[in-house]
Number of protein chains: 2
Amino acid sequence: MKTYDYAYRPLLAVDCTIFGFRDGKLNLLLVRRDIEPRRGKWSLMGGFLQANESLDEAAARVLEQRTGLKEVYLEQFKAFGEVDRDEAERTISVGYYALVDQEKAQLQLSTEFAAHWVPITDVPPLIFDHNEMVAAALNRLRHRATHEPVGFELLPEKFTLTQLQSLYEAIFGTSIDAGNFRRRLRKMEYLQRLNEKDTNSSRKGAWYYRFVPEDYAHAKRNGADFLLKP
Amino acid sequence: MKTYDYAYRPLLAVDCTIFGFRDGKLNLLLVRRDIEPRRGKWSLMGGFLQANESLDEAAARVLEQRTGLKEVYLEQFKAFGEVDRDEAERTISVGYYALVDQEKAQLQLSTEFAAHWVPITDVPPLIFDHNEMVAAALNRLRHRATHEPVGFELLPEKFTLTQLQSLYEAIFGTSIDAGNFRRRLRKMEYLQRLNEKDTNSSRKGAWYYRFVPEDYAHAKRNGADFLLKP
DNA sequence: ACAAAAGTGTTTTTCTTACACCCATGA
DNA sequence: TCATGGGTGTAAGAAAAACACTTTTGT
């Protein structure tokens, strides 16, 4: 059933800014573009919306097709619609960012698309307005990470508080006082300490922790709000 | 030049959630929809993207066509893309919210589209997912109003501090301690007190103030950040 | 003089910040 | 034993919250 008599129909794409974290660095997953124009140039992962899927589903599909990852944290952050943003044809793109466990993603990356992790501090020139997208995604991530417990999505199930601090330092590009940072963490009852230590990076060993979503939901109902500033 | 061989092209619309403020109430500008389906039902102001305009420009055009207002504060907040959100045909809609001086807008409203101001506390059922849009827009406004000086867009050039407080109370649906609120305002050097009082609502009269964007820009460069919480 | 809105001050408590300090352990 | 990252404690100061208080003026 068609009711609207409007002929103009731009293409509609989704682009994913995919964040990962490793060795104290916040990274971005980039691909070499596999279609013209600008084939071979660095690009975010994107794809065109299909008839049977919502925007959120399209973003999840693009992510899964290229990385094999499911159930990933995905958040829409902005639609990009400048007239000449895609030189080939008018395309509106809806920007999403994803937070993935870089260790898990890496294993399942197919190499044919030449995907690479690049430190956020060292992003090369990307096609179209993708650099602008990355900047907007990072802004949104910074905001979200201070007010919601999404940072954990970038870490393995088990992590140490030092790792968590290092993650936040990478996200914000600042250094954080360990004492103050840990005090805030100590108050979060939804961080469960495991009976297991990470002895990789120190003699003493650091306790592993786990984020417990159910406990967070409970704390939230009781009026606690997550806040983790740099 | 066409390079992409993708046939699927949904319609692309923009919808504007227009906020106004009057008599201590935060209001929404709604229209009776003038096309099928659901002609005559309450709706946000929307329109389809055209070939020669960006998303931002489309939103500004829709707003101007229907209210005559130019140079209005407009911010994109979310793209809506559920498959069945528009029953007539697949349409992706990019949501914008606008902050207007209700007094100014009112004068220039054409009546043929039957636009009405409705208190935000009493929004009727709207077509499609427009109620969801309003909720998202309000969330965004609340956040923006705490961290950026955008509230002034809803007030006349000259306003009293009591009006400003009343605005914030309406935006957040809470009551605010006058003493604490005013102390925060006193620190903002970019609020200029005029040599003129508003005597409409009190015997004593309240000083008029003006927001000075240049002074704000200056303060911002010096590291001051706007913060007005309820 | 008094009601009522405008506007200021003060006390209490809570949160930040900066930094000193102890702990555990492998080399 | 000592260097190193892990982890805790605390004192000074800033900021938030609660609320008592003063000012002005039309009636």
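We name chains A, B, ... by the order of the sequence lines, and we start the count at 1 in each one.
- Residues satisfying the salt bridge (charged side-chain N to carboxylate O under 4.0 Å, His left out) test with Arg22(B), not counting sequence neighbours, are Glu103(B).
- Under the rule for a side chain to side chain donor-acceptor pair (under 3.5 Å), the partners of Lys158(B) that lie at least two apart in sequence or sit in another chain are Glu196(B).
- Applying the side-chain hydrogen bond (donor to acceptor under 3.5 Å, both in side chains) definition to pairs two or more places apart or across chains, those involving residues 132-143 of chain A are Glu75(A)-Arg140(A), His143(A)-His143(B).
- Residues that satisfy the side chain to side chain contact (heavy atoms under 4.5 Å, CB included) test with Asp177(B), not counting sequence neighbours, are Asn180(B).
- The side chain to side chain contact (heavy atoms under 4.5 Å, CB included) test applied to Ser54(A) returns Asp56(A), Glu57(A), Glu82(B), not counting sequence neighbours.
- Evaluation of the salt bridge (charged side-chain N to carboxylate O under 4.0 Å, His left out) rule for Arg183(A) yields no partner, not counting sequence neighbours.
- Here dG5(D) presents its C1' atom at 11 Å from CG of Asp198(A), a figure rounded to the nearest Å.
- When the salt bridge (charged side-chain N to carboxylate O under 4.0 Å, His left out) test is applied to Arg61(B), the partners found at least two apart in sequence or on another chain are Glu53(B).
- Asn200(B) meets the side chain to side chain donor-acceptor pair (under 3.5 Å) test with Asp198(B); sequence neighbours excluded.
- Note on Thr199(A): nothing from the nucleic acid sits closer than 4.0 angstrom, heavy atoms only.
- Scanning residues 151-163 of chain B for heavy-atom distances under 4.0 Å to DNA chain C yields Thr162(B).
- Of all nucleotides in DNA chain C, those with any atom nearer than 4.0 Å to a heavy atom of chain B start and finish, going 5' to 3', at dA4(C) to dT10(C).
- By the side chain to side chain contact (heavy atoms under 4.5 Å, CB included) test, Val212(A) is found to be paired with Gln192(A), Arg210(A), Glu214(A), Asp215(A), residues two or more places apart in sequence or in another chain being considered.
- If you measure from atom CG of Asn200(A) to atom P of dT4(D), you get 19 Å, rounded to the nearest angstrom.
- The ring of Trp42(B) has its center closer than 6.0 angstrom to the ring center of His116(B).
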Reading 5' to 3' through nucleotides 15-27 of chain D, protein heavy-atom contacts under 4.0 Å coded B for base, S for sugar-phosphate only, - for none: --BBB---BBBS-
